[in-house]
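Okay, so here's the structure we're looking at.
We name chains A, B, ... by the order of the sequence lines, and we start the count at 1 in each one. None of these values were measured; they are calculated from a predicted model.
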Protein chains: 2
Amino acid sequence: MKKTSAVIGLSHLRVTLSESFYIGPGRADLMELIAETGSISEAAKRMGMSYKRAWGLVQALNEGFGAPLVEASRGGNAQGASLTAAGCEVLERYRGMQEATRKAIARDVEALLALHDMSQGK
Amino acid sequence: MKKTSAVIGLSHLRVTLSESFYIGPGRADLMELIAETGSISEAAKRMGMSYKRAWGLVQALNEGFGAPLVEASRGGNAQGASLTAAGCEVLERYRGMQEATRKAIARDVEALLALHDMSQGK
DNA sequence: CCTCGATATGTCCGAATGGGAATATCGATG
DNA sequence: CATCGATATTCCCATTCGGACATATCGAGG
């Protein structure tokens, strides 16, 4: 069984911009950790995924968007990764959309939780 | 390659009610088709999935929610499937949340699309 | 020119996913 | 009680996904 986010309410929001690009919770979290740590491998470790998978996601982000969202350089002391300006904006917009969605669906979530509890006789 | 919904903008909204239950676009579509056709197998066919998979999703819905959302009966002329009252409400609420989310993120989606086009020099 | 740390990339393999097909089951109807 | 249509359930197998591991690569600094 795959571990599902324990958050009650909005758990997954995916926004598609084109046939080849979308942004969802996993990609956003990875971008955020890359921004925080300055490293793809460290971000991968903190997300509990392999470097290979994280690197694949970065590829999907960059190639899918058509312009780099994550920039990485190897060698020397400048090695590491960071978000481009476009990457930062995509991430910020996504966080904003998450929050807007939470607010927009809050009442329905409450109603569903009530229905859920009632259906189980709690 | 799995066919991804071609819809630009909101493409996936998943709402988690408990550790064992969530409702997302695929499950909602399946429930809707079951309500329309009165049959799990026909709904599966229209969604382009196997009956087995559809049946598994129905199990996940019913067992995960803790109360039946889809009711099925076999034998006789009453055979078929339909949504329970709770199932109808879950579906309607989900559709409402989808619409509320689309409205809530519309401006951000527009901004991202503009950024996307600009980043590609279009 | 050697080391070091992080990126980049390929290979191998186990787990999970899901389809296809076969089969069993149910129950009203004739 | 035989039929029929749809649900319920079980095998088998191809494909995919991703982890583990091994290298290769880069480039500043000692």
Which nucleotide in the set D:dC26, D:dT9, C:dT9 lies at the smallest distance from any side-chain heavy atom of A:Tyr51?
C:dT9
Regarding the side chain of B:Arg74, the nearest nucleotide among C:dA6, C:dT25, C:dT7 is C:dT25
If you go through the side-chain atoms of A:Lys52, does one of them form a donor-acceptor pair with the base of C:dT11 closer than 3.5 Å?
yes
Can you check whether A:Val7's main-chain N or O pairs, donor with acceptor, with A:Ser11's side chain at less than 3.5 Å?
no
Atom CZ of A:Arg53 to atom P of C:dG14: distance rounded to whole Å?
21 Å
Using whole Å, report how far CD1 of B:Ile40 lies from C1' of C:dC26.
14 Å
For DNA chain C, whose closest nucleotide is more 5', that of A:Ala81 or that of B:Ala78?
A:Ala81
Taken to the nearest whole Å, CG/A:Asn77 to P/D:dC26 is 18 Å
Ranking A:Gly76 and A:Gly48 by the position along DNA chain D of their nearest nucleotide, the one closer to 5' is A:Gly48
Classify the ring geometry between B:His116 and A:Phe65 as parallel (under 30°), tilted (30 to 60°) or perpendicular (over 60°).
perpendicular
To the nearest 0.5 angstrom, please state how far the NZ atom of B:Lys45 sits from the CD1 atom of B:Ile40.
14.0 Å
What's the CD-P distance between A:Gln79 and D:dG27, to the nearest Å?
11 Å
Spacing of B:Trp55 atom CH2 relative to C:dC26 atom P, expressed in whole Å:
14 Å
Could A:Arg102 and A:Glu99 be called an ion pair, given the rule that one side-chain N must be under 4.0 Å from one carboxylate O?
yes
What integer distance in Å separates A:Leu57:CG from C:dT7:C1'?
16 Å
Starting from C1' on D:dA8, measure out to CD on B:Glu71 and report it in whole angstrom.
16 Å
Does the side chain of A:Ser39 pick up a donor-acceptor pair with the side chain of A:Ser41 at under 3.5 Å?
yes
Name the closest nucleotide to the A:Ser41 side chain, picking from D:dT7, C:dA6, C:dA8.
C:dA6
Would you say A:Ser39 places a side-chain N or O within less than 4.0 Å of OP1 or OP2 belonging to C:dT7?
yes
Send over the distance from B:Lys45 NZ to D:dG5 P, rounded to a whole Å.
12 Å
